[in-house]
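Computed over heavy atoms, backbone and side chain alike; hydrogens, waters and symmetry mates excluded. Every number for a ligand or one of its atoms is a count from 1 in the order of the listing.
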Amino acid sequence: MCGVTQTWQVEPSGPLRGDITVRGSKNAVTKHMVAAMLGHGPSVIRNAPEVGDVDITAAMLESVGFHVGRDGSEITITPGDEVRPKVPEAFTGLNRIPILMLGPLLHRAGEAFVPLVGGDPIGRRPVDFHVEALTALGAEIEHGPTGITAKATRLRGARITLPYPSVGATETVLLSAVLADGKTVLRNAATEPEVVELALFLQRMGAKIELSPDRRIIIEGVEKLKGASTRLAGDRLEAFSYLVAGLITGGEVRVHGCPQDRLVTAITTLARMGAQFDITDEWITASAPGGLRSAAVHTDTHPGFMTDWQQPLMVLFTQAEGMSVLHETVFENRLVYVPALQKMGCEIEVFSACLGGPACRFHDGNSAHSAVIRGVSKLQGAEVTLPDVRAGFSAVLAAAVAENPSTLHGVHHIERGYHRPYEQFASLGLRLTRGA
Ligand code: EPU
């Protein structure tokens, strides 16, 4: 499925309309799969999306001795007789998941090797918080040229404060501390819905986890965890992306399967720009019969405007009346996709200063992390190469409102993170064909 076809030809096709059902999120399903490594007995994850990252994570789990069964949207993970503690180097750079496997492998085998992690080219994306947290929990860590080696006969609880509320590092602590000896107190933890969802799954497996106010998570280590079963909640990134697909083309997309509370800031932001919403317990729909106006938005940790929403919003800004400002405060390089949009006629200028919101961690660096966007821009079809998953989706949005067809290379990036995007876009009326 993923990576087989690299190019789409996209023809502007007028307003996109229809119904989309989102599945569980890429950024929850893969973490649940890693959590399942901790259980004695099978775990079942339902409502899983068909995304490339699931294929990669399944192959990694199988390479260390777990059986991964797939049946439509259901994934069953069963521990094998023996856990092999080395994730093969063939998985180098494919996604961010190997670093999360360190804790579970240490619990199962007392040692671990994981290859260097990848993920989208959106900033330095270091793993220092993960490594420092594991070291605090008693692991001996060595960095090698091809990856990270860790050893620990038994992890022990610790007090850990993250320098920034990192999603991945919080997950590393959860996945490691649940079976450690004694209590772990994690301060400045991430509270993204996907993190809470993982904590709830671990609780179902028998973990003792307390979510306290002020970004504190307290974990009382237990001796053993069992397998568990869960149904993932809908992907808020995907839901937002398709709502914007409707708005930007002057159409209306009804998104099913994503709870409203996961989209509260997104809805408020789009409503401020002039979008009108209908919201029920089953679906959310947005339209903008009176057009859209500009806004100033800065990305933030949950419950702020999430960094994965900014790429569709950036394209939407080009179709809203007036000058908009976007300030990315989570990843320093997350505007690297702007040249692809500029090539399609988007009038976007990037700055290293903090614009449109309070100064952020990147205020004295050189990374272009703020943008000023002029709307309404006439977009032109172009031949562009997609740099990452969210930016990839945005290029499709730009192509959908351009004046002539576009050729988009690197479509596997979109397929790594969105459930069947080709079929979903086609069902909304976008004319697209797969190229070589
Ligand atoms: N950071 C460090 N050191 C670390 C870890 C993080 O400096 O050891 C910094 C990062 O460089 C960044 C900030 O902390 O500036 C936040 O990074 P975080 O760890 O929260 O991000 P992540 O866990 O690597 C996940 C999602 C991202 C999503 C972010 C923020 C996965 C696989 N990825 O990344 O999703 O944008 O949280 O919510 O869960 C995507 O789906 O396209 C995507 C990039």
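Those atoms of ligand 1 with a heavy atom of R96 less than 4.0 angstrom away are 24 (O). Atoms of ligand 1 found under 4.0 Å from any heavy atom of V127, numbered from 1 in the order shown, are 8 (O). For ligand 1 and V389, the ligand atoms under 4.0 Å from any heavy atom of the residue are 42 (O). Applying the 4.0 Å criterion to heavy atoms of G168 picks out, from ligand 1, the atoms 19 (O), 23 (O). Counting atoms of ligand 1 from 1 in the listed order, those under 4.0 Å from a heavy atom of H130 are 8 (O). Every atom of ligand 1 with a heavy atom of K26 under 4.0 Å away is listed here by number and element: 40 (C), 41 (O). Atoms of ligand 1 lying under 4.0 Å from any heavy atom of T307, numbered from 1 in the order shown and given with element: 30 (C), 36 (O). Counting the atoms of ligand 1 from 1 in the order shown, those under 4.0 Å from a heavy atom of R390 are 40 (C), 41 (O), 42 (O).
Distance check: T265 OG1 to D300 CG gives 9.5 Å after rounding to the nearest 0.5 Å.
Classified by interplanar angle (parallel below 30°, tilted 30° to 60°, perpendicular above 60°), the ring pair H327/H369 is tilted.
A distance-only check finds no donor-acceptor pair linking the side chain of S43 to the backbone of G227 [under 3.5 Å]. Counting only distance, with no hydrogens or angles, the side chain of T318 and the backbone of V315 share a donor-acceptor pair below 3.5 Å.
At least one side-chain heavy atom of F277 sits less than 4.5 Å from a side-chain heavy atom of L243.
Of the heavy atoms in K31, only side-chain atoms (C-beta onward) come closer than 4.0 Å to ligand 1.
Comparing heavy-atom distances from atom 20 (O) of ligand 1 across V195, V167, T170, V51 singles out V167 as nearest.
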Considering only distance and modelled atom types, tabulate donor-acceptor pairs under 3.5 Å from the side chains of residues 391-401, sequence neighbours left out.
{"residue": "S394", "atom": "OG", "partner": "Q311", "partner atom": "O", "Å": "3.0"}
{"residue": "S394", "atom": "OG", "partner": "R390", "partner atom": "O", "Å": "3.2"}

Residues 101-112, side-chain donor-acceptor partners within the protein, below 3.5 Å, at least two apart:
{"residue": "H107", "atom": "NE2", "partner": "S176", "partner atom": "O", "Å": "2.7"}
{"residue": "R108", "atom": "NH1", "partner": "M37", "partner atom": "O", "Å": "2.7"}
{"residue": "R108", "atom": "NH1", "partner": "G39", "partner atom": "O", "Å": "3.1"}

